[in-house]
S.K.: 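Pasting a structure here, questions to come.
Because the structure is a prediction, the values reported are computed rather than measured.
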Amino acid sequence: MTVEMLIVLGVIALAIFLFASEKLPVDLTAILVMALLLLSGIVSPSEGLSGFSNTATVTVGAMFILSAGLQKTGAVWFLGGLSARIFKFNFWVGLIGTMILVGAASAFVNNTPVMAVFIPILLGLAASNGLSPSRLLMPVSFASMFGGVCTLIGTSTNILVSSIAVQHGLPALGMFDFTKMGLVFFGAGLLYMAAIGVRLIPVRHAEGNLTEKYRMKD
């Protein structure tokens, strides 16, 4: 019996034990088995990831891990603090500056954690300056989507398209293949939001304690 056979038998025994004992969640156990077989070299990366519908799924998952790391270390919070300082000068300067910051960050980090950091900051700015939160949140949200189309990893859609291209015998898309056209969309989006879009957003203010209003505590 070879070493590879012993490793596979050991991994199978470990998987059966973890599935039966439920010491780890089922999905975590399955990923652990895949990781052990990959690290041991028994299966290749393409074989180990073949259980997913598309290899792009793993890339998107890795981007979420990277985004969480940037959020935990406070790198994204630095951008939030910079945005708050910009708003001290002027509303329009602050809004456009924040949209540029969020768009630039979203080109390299998933926009979900970026917006998760900026939402409380923008809500605080709206409350302290007597502004409608929607006039801050909606433009910045759109800016995160505009920025996401500027690079390959900015949005999961671009990663998926690159993977499909490879499956059909075409070369993989490069990191900055989207940048030229993405910057056009980003610039046009910023101009539209600054000139027209923000003015079309209705002025809405928070109506007291929404947690109590909708009985969320219950």
Side-chain angles (χ1 to χ4, degrees), residues 1-80 102-120 141 144-179 181-182 216 218:
M1 184 174 290
T2 63
V3 176
E4 288 79 6
M5 292 179 181
L6 291 174
I7 293 175
V8 172
L9 289 175
V11 171
I12 292 174
L14 177 63
I16 293 174
F17 169 74
L18 292 176
F19 281 134
S21 64
E22 298 183 352
K23 291 184 177 296
L24 292 176
V26 175
D27 51 353
L28 184 57
T29 300
I31 294 175
L32 176 63
V33 170
M34 179 187 71
L36 290 174
L37 292 175
L38 284 171
L39 291 174
S40 64
I42 295 174
V43 297
S44 65
S46 59
E47 292 171 338
L49 302 177
S50 61
F52 294 94
S53 60
N54 194 298
T55 54
T57 306
V58 182
T59 307
V60 174
M63 287 305 303
F64 276 109
I65 296 173
L66 175 62
S67 300
L70 290 172
Q71 186 174 5
K72 291 289 186 180
T73 57
V76 183
W77 283 101
F78 170 77
L79 295 178
V102 170
S106 298
F108 301 97
V109 183
N110 190 275
N111 59 0
T112 302
V114 174
M115 286 306 302
V117 169
F118 273 87
I119 283 175
S141 176
S144 70
M145 291 185 281
F146 297 149
V149 301
C150 291
T151 63
L152 175 65
I153 63 174
T155 174
S156 56
T157 309
N158 291 352
I159 298 173
L160 181 60
V161 169
S162 177
S163 177
I164 294 174
V166 173
Q167 291 177 1
H168 287 77
L170 299 173
L173 296 172
M175 176 69 173
F176 299 104
D177 284 351
F178 299 89
T179 304
M181 185 58 68
M216 294 301 294
D218 297 337

S.K.: Answer whether the closest heavy-atom distance between the side chains of Asn158 and Thr151 falls below 4.5 Å.
M.R.: no
S.K.: Rounded at 0.5 Å granularity, tell me how far CG in Leu170 sits from OG in Ser162.
M.R.: 10.0 Å
S.K.: Could you check if a side-chain atom of Ser106 sits within less than 4.5 angstrom of a side-chain atom of Met145, using non-hydrogen atoms only?
M.R.: no
S.K.: Considering non-hydrogen atoms only, spot the tightest contact between Ser144 and Met115 and give its length.
M.R.: OG-CG, 4.0 Å
S.K.: Which heavy atom in Phe178 sits nearest to a heavy atom in Val149, and how many Å separate them?
M.R.: CB-O, 3.4 Å
S.K.: Can you tell me how far apart CZ (Phe108) and SG (Cys150) are? Round to the nearest 0.5 Å.
M.R.: 8.5 Å
S.K.: With heavy-atom distances below 4.5 Å as the criterion, would you say the side chains of Leu173 and Val161 are in contact?
M.R.: yes
S.K.: When rounded to the nearest 0.5 angstrom, what is the spacing between OG1 in Thr179 and CG in Asp177?
M.R.: 7.5 Å
S.K.: Applying side chain to side chain donor-acceptor pair (under 3.5 Å), name anything that partners Ser40, two or more places apart in sequence or on another chain.
M.R.: none
S.K.: So, for Pro171 and Val166, which heavy atoms are closest and what is the spacing to 0.1 Å?
M.R.: C-CG2, 4.5 Å
S.K.: Hey, can you pull the donor-acceptor pairs under 3.5 Å for the side chains in residues 1-27, sequence neighbours left out?
M.R.:
from  : atom 1 : to    : atom 2 : distance (Å)
Thr2  : OG1    : Met5  : N      : 3.3
Ser21 : OG     : Phe17 : O      : 2.7

S.K.: More than 12 heavy atoms of other residues, nucleotides or ligands under 6.0 Å from CE of Met175: yes or no?
M.R.: yes
